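This report concerns only the one structure given below.
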There are 2 protein chains.
Amino acid sequence: MPRPPAPRKTTGRPARISREEIIRTARRIVTEDGADRLTMRRLATEIGSTPMALYHHVRDKEELLLLLLDDHAARSLRRPEPPPADPRDRVLAAATAIHEVLAACPWIVEVLTADDLMSTSALWFVEQIVAGLTESGLSLDEAVRGYRTIWYYTAGEILVHATSARRRSTDDRPTYRDQVFAALDPAELPLLSRAAPRWTPLTAEDTYEQGLRALLTGLLSHTPA
Amino acid sequence: MPRPPAPRKTTGRPARISREEIIRTARRIVTEDGADRLTMRRLATEIGSTPMALYHHVRDKEELLLLLLDDHAARSLRRPEPPPADPRDRVLAAATAIHEVLAACPWIVEVLTADDLMSTSALWFVEQIVAGLTESGLSLDEAVRGYRTIWYYTAGEILVHATSARRRSTDDRPTYRDQVFAALDPAELPLLSRAAPRWTPLTAEDTYEQGLRALLTGLLSHTPA
DNA sequence: GCTACTTTTCTTACATGTATAAAAACTTAC
DNA sequence: GTAAGTTTTTATACATGTAAGAAAAGTAGC
């Protein structure tokens with residue numbers, strides 16, 4: 001039975017590496033060589049430790065990437081100065097800021113699906129979104145639902161784009177989409193056939209904000225279901 | 001130059017396994033034991049072959065999962081009978097049908113981010129969405145953009161929910177969200193603090209259709225950007 | 001000093017996806 | 001028949017995340 005009446009220093013073997021050092025080194029590897037070069041073994045080697053030692057400071061690789069995302073958000077997220085007066089514009093500004101920061105993270109795919117709040121650094125922006133929605137007439141519950149709807153849209157946009165971008169760089173096989181479009185039957189799917197040549201350029205367009213505006217319009221319109 | 005005037009058989013070593021057999025066996029494993037039990041080694045064993053033999057019929061595991069998703073969609077997707085008369089309702093019905101089928105696929109997370117058209121079986125539904133949007137007054141380009149916006153929202157909703165569901169079943173650690181909410185400062189984030197106890201129940205609600213309706217309202221409102 | 005306890009680190013081992021190259025099983029040309 | 005060519009299958013090997021347990025390095029009480 002250990003009975004530590006005098007809470008002196010810390011007992012046990014002293015740590016030689018810290019979570020901060022892990023994150024710092026991981027960030028360096030990612031920025032220098034890309035996210036796919038970040039392995040637990042390499043990270044351990046560069047820190048001068050062993051892979052399993054990392055696991056005492058980080059639950060698993062996914063948590064490490066989450067910490068990396070948080071680190072990135074804390075450095076990059078800038079609150080709009082001055083905040084827009086119109087509540088709708090505040091929602092737009094906050095969501096766009098979050099989207100912008102996330103879109104810059106290549107390793108995001110493995111983490112983003114984690115939860116709906118990805119970073120403490122982003123909480124202020126979430127608050128802005130909920131605030132803008134309530135000031136526009138939504139109840140608190142409705143505003144939270146509205147935020148979550150915006151989050152789904154944002155996460156989906158980022159994930160789909162990030163994955164297809166990664167695929168383009170890793171892979172030279174024709175996309176599934178190309179195969180599908182090549183075999184379209186104009187009789188059965190007339191609009192898709194007509195749209196086929198326009199599809200790829202339309203996909204490349206950055207329409208996040210446009211979609212966000214539409215979504216916001218709908219959220220604030222109070223149409224009866 | 002081989003000139004096969006008599007369309008004999010095919011040249012080369014005859015195949016002992018087929019893509020269909022692979023998919024069939026994979027489907028059985030997934031339905032019987034869950035998607036996480038589907039490994040290339042086990043699949044090969046159950047077919048009576050070797051892991052690498054699979055790779056002649058399937059590019060990699062991701063393609064296998066994509067084929068599995070397609071298979072699932074082909075079996076489950078049912079066209080609404082009769083199709084709703086109102087174009088807006090047709091969009092709703094088609095998107096909801098896709099959402100429903102995808103939400104039933106546990107292995108979807110690894111595949112869904114693949115592209116914006118995940119299954120040939122779903123093309124008819126995509127056509128319905130684009131058609132409903134054009135009939136509501138959008139140009140073809142706008143309708144395709146609108147479809148993609150709907151797709152981002154749908155994919156995001158599915159991915160976020162699927163991942164958090166998986167986490168709950170695999171994991172007993174407190175969620176990141178719980179940790180974040182436990183440390184909220186009501187002075188700085190008043191709305192989030194107030195919403196904190198309501199957050200988890202709100203997350204559990206199925207609000208896909210509600211969000212979709214809002215999005216659709218916005219897409220059809222033609223608000224100037 | 002020594003023993004008990006705690007915390008961190010290290011060693012070893014395994015499951016997994018898949019790259020690579022060799023072998024096998026065919027057809028066709030002679 | 002044999003040789004060449006083609007396609008599928010198999011054997012082997014590697015990189016990766018990480019589980020399990022032993023070892024190390026400290027503190028506290030004696």
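We name chains A, B, ... by the order of the sequence lines, and we start the count at 1 in each one. Below, each value reflects all heavy atoms present in this structure, side chains not excepted, and no hydrogens, waters or symmetry copies. Please read these numbers as outputs of a predicted model, since none were measured by experiment.
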As a test of reading the structure: which of D/dT10, D/dT7, D/dT27 is closest to the side chain of A/Thr11, going by heavy atoms?
D/dT27
Rounded to whole Å, CG of A/Leu64 lies from C1' of D/dG17 at a distance of 12 Å
For B/Ile22 and D/dT9, what is the distance between atoms CD1 and C1' respectively, to the nearest whole Å?
12 Å
Looking at every strand, decide which applies to A/Ala15 at a 4.0 Å heavy-atom threshold: base, sugar-phosphate, or nothing.
sugar-phosphate
Atom CG of A/Asp60 and atom P of D/dT16 are separated, to the nearest Å, by 17 Å
Check each of A/Arg19, A/Arg28, A/Arg27 against A/Asp71 using the salt bridge (Lys or Arg N to Asp or Glu O under 4.0 Å) test, and report the only one that passes.
A/Arg27
Check the distance between D/dA19's P and A/His56's NE2 and give it to me in whole angstrom.
12 Å
Closest heavy-atom pair and its distance - B/Ala155, A/Val160
CB-CG2, 4.4 Å
Partners of B/Ala94 by side-chain contact (heavy atoms from CB on, under 4.5 Å), sequence neighbours excluded?
B/Phe125, B/Gln128, B/Ile129
Any side-chain heavy atom of B/Ile47 within less than 4.5 Å of one from B/Leu43?
yes
How close or far is atom P of C/dT9 from atom CZ of A/Arg19, stated in whole angstroms?
13 Å
Residues from residues 29-48 of chain A lying under 4.0 Å of DNA chain C - heavy atoms:
none
Between atom CZ in A/Arg16 and atom P in D/dA25, what is the gap in whole Å?
8 Å
Is any side-chain N or O of B/His57 closer than 4.0 Å to OP1 or OP2 of D/dT9?
yes
A/Ser49 versus A/Arg16, side-chain donor and acceptor atoms under 3.5 Å
no
With five pairs defining each end axis, the helix from C/dG1-D/dC30 to C/dC30-D/dG1 comes out bent, to 10°, by 30°
Please figure out whether B/Pro14 or A/Ser49 has its closest DNA chain C nucleotide nearer the 5' end.
A/Ser49
Sorted by position of nearest nucleotide on DNA chain D, 5' first, the leading residue of B/Thr50 and B/Arg13 is B/Arg13
To the nearest Å, how far apart are A/Lys61 NZ and D/dT16 C1'?
8 Å
For a quick test of reading the model, state the closest non-hydrogen atom pair linking B/Gly132 to B/Val91 and the distance between them.
CA-CG2, 3.7 Å
If you look at every heavy atom in A/Ala95 and A/Leu212, which pair is closest and at what distance?
CB-CD2, 3.7 Å
Figure out the CD1/P separation between A/Ile17 and C/dT7, and round it to whole Å.
17 Å
Sorted by position of nearest nucleotide on DNA chain D, 5' first, the leading residue of A/Tyr55 and B/Met52 is B/Met52
Take the angle between the ring planes of B/Tyr153 and B/Tyr208 and call it parallel below 30°, perpendicular above 60°, tilted in between.
parallel
Hey, is B/Glu46 close enough to B/Arg42 for a salt bridge, meaning N to O under 4.0 Å?
yes
